[in-house]
Amino acid sequence: MNLLFRLIAVIASALTGRPVGFLEPARLRFRVWPTDLDLNMHMTNARYFSVMDLGRVDLMLRSGMGRSILRHRWQPVIGAANLRFRRPLAPFQRFELATRVLCWDDKYFFIEHRVETATGTAALAVVQGAFVARGAVVPPAEILAIHGEHGESPPMPDVVAAWRERPLAP
């Protein structure tokens, strides 16, 4: 239930708040609630992914993509994620999630999520995401053109390129 309330708050804030450019970071502030905790009394690993889902929703809405997503019936999906934990988040601790598009290729967007606290980065993730319509991936160039973005992708960071090319384990 906690995630439903967070989703409603994120949507309301995104629709009434400051818009962001497509390549600008969108920022959300949260607090770790008891429903976010695992047996070790810190934020459970799965909750990071749920909060990052909210960050992508916020970024899509603040950057003006919401109407196009509905109009074209695009479904945002994640194909891969790489999440590194640096320090735990304690009960009731405040944190900020910064979400930004790093780059894209002919099929995927690569998005960075940073979980920040007063003492530094708690977690850092890169996700590979796409938009799907009618069972096929919609090329990022098509999505960007609909939004008046015709520039090239920023350079792909070396760490993203290496991660992207690594084969899946058997």
Side-chain angles (χ1 to χ4, degrees), residues 3-31 46-84 94-117 120-166 168:
L3 286 175
L4 176 62
F5 293 129
R6 282 179 172 162
L7 176 61
I8 292 167
V10 164
I11 291 171
S13 175
L15 294 176
T16 60
R18 182 185 75 81
V20 298
F22 183 70
L23 292 173
E24 289 181 61
R27 299 180 180 282
L28 293 171
R29 290 192 174 102
F30 295 101
R31 182 184 297 268
R47 188 66 81 214
Y48 286 85
F49 286 110
S50 297
V51 168
M52 290 173 188
D53 286 344
L54 296 174
R56 289 187 302 278
V57 167
D58 182 62
L59 179 62
M60 286 184 279
L61 292 175
R62 286 187 192 274
S63 67
M65 294 182 70
R67 285 191 179 109
S68 294
I69 290 168
L70 293 174
R71 184 177 323 123
H72 298 282
R73 296 185 178 157
W74 294 333
Q75 295 176 310
V77 297
I78 296 301
N82 186 359
L83 175 56
R84 299 209 41 193
R94 293 177 189 268
F95 65 95
E96 182 177 273
L97 174 69
T99 301
R100 70 184 179 116
V101 173
L102 289 173
C103 58
W104 56 88
D105 61 18
D106 59 336
K107 192 172 181 179
Y108 297 107
F109 289 98
F110 296 90
I111 302 161
E112 177 187 79
H113 296 285
R114 284 186 175 273
V115 177
E116 299 286 342
T117 68
T121 302
L124 176 63
V126 174
V127 299
Q128 172 187 304
F131 288 92
V132 176
R134 294 174 212 86
V137 172
V138 181
E142 182 179 327
I143 292 166
L144 295 170
I146 288 172
H147 289 93
E149 301 276 346
H150 298 285
E152 295 291 315
S153 170
M156 185 173 286
D158 291 340
V159 66
V160 173
W163 170 65
R164 182 177 150 235
E165 298 301 323
R166 188 177 332 142
L168 295 174

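The shown structure was predicted, so the numbers you read here are calculated from the model rather than taken from an experiment.
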Take E112 and V160 through the test side chain to side chain contact (heavy atoms under 4.5 Å, CB included) and record every step on the way to the result.
-> CA-CA 10 Å; E112 177 187 79; V160 173; over 6 Å; no
How are the rings of F22 and F109 set to each other: parallel, tilted or perpendicular (split at 30° and 60°)? perpendicular
Over 60° means perpendicular and under 30° means parallel, so classify the ring planes of F110 and W163, tilted if in between.
perpendicular
Please report the shortest heavy-atom distance between [X] and [Y], naming the atom on each side.
| X | Y | result |
| --- | --- | --- |
| T99 | G55 | OG1-CA, 3.6 Å |
| F95 | R31 | CE2-C, 4.0 Å |
| V138 | A133 | CG2-CB, 3.8 Å |

Going through the checks in order, is the side chain to side chain contact (heavy atoms under 4.5 Å, CB included) test met by V126 and L102?
CA-CA 9 Å; V126 174; L102 289 173; 4.1 Å; yes
Compare all side-chain heavy atoms of [X] with those of [Y] and state whether any distance is below 4.5 angstrom.
| X | Y | answer |
| --- | --- | --- |
| I78 | F49 | no |
| I143 | W104 | no |
| M52 | V127 | no |

Would you find more than 12 non-hydrogen atoms of other residues, nucleotides or ligands less than 6.0 Å from R67 atom CZ?
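No - once you tally the heavy atoms of other residues, nucleotides and ligands closer than 6.0 Å, there are 12 at most.
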Main-chain N/O of R18 paired with R62 side-chain donor or acceptor, under 3.5 Å:
yes
* Asked: Got a donor-acceptor contact below 3.5 angstrom from the S13 side chain to the A9 backbone?
  ->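 Judged by distance alone, no pair lies under 3.5 Å.
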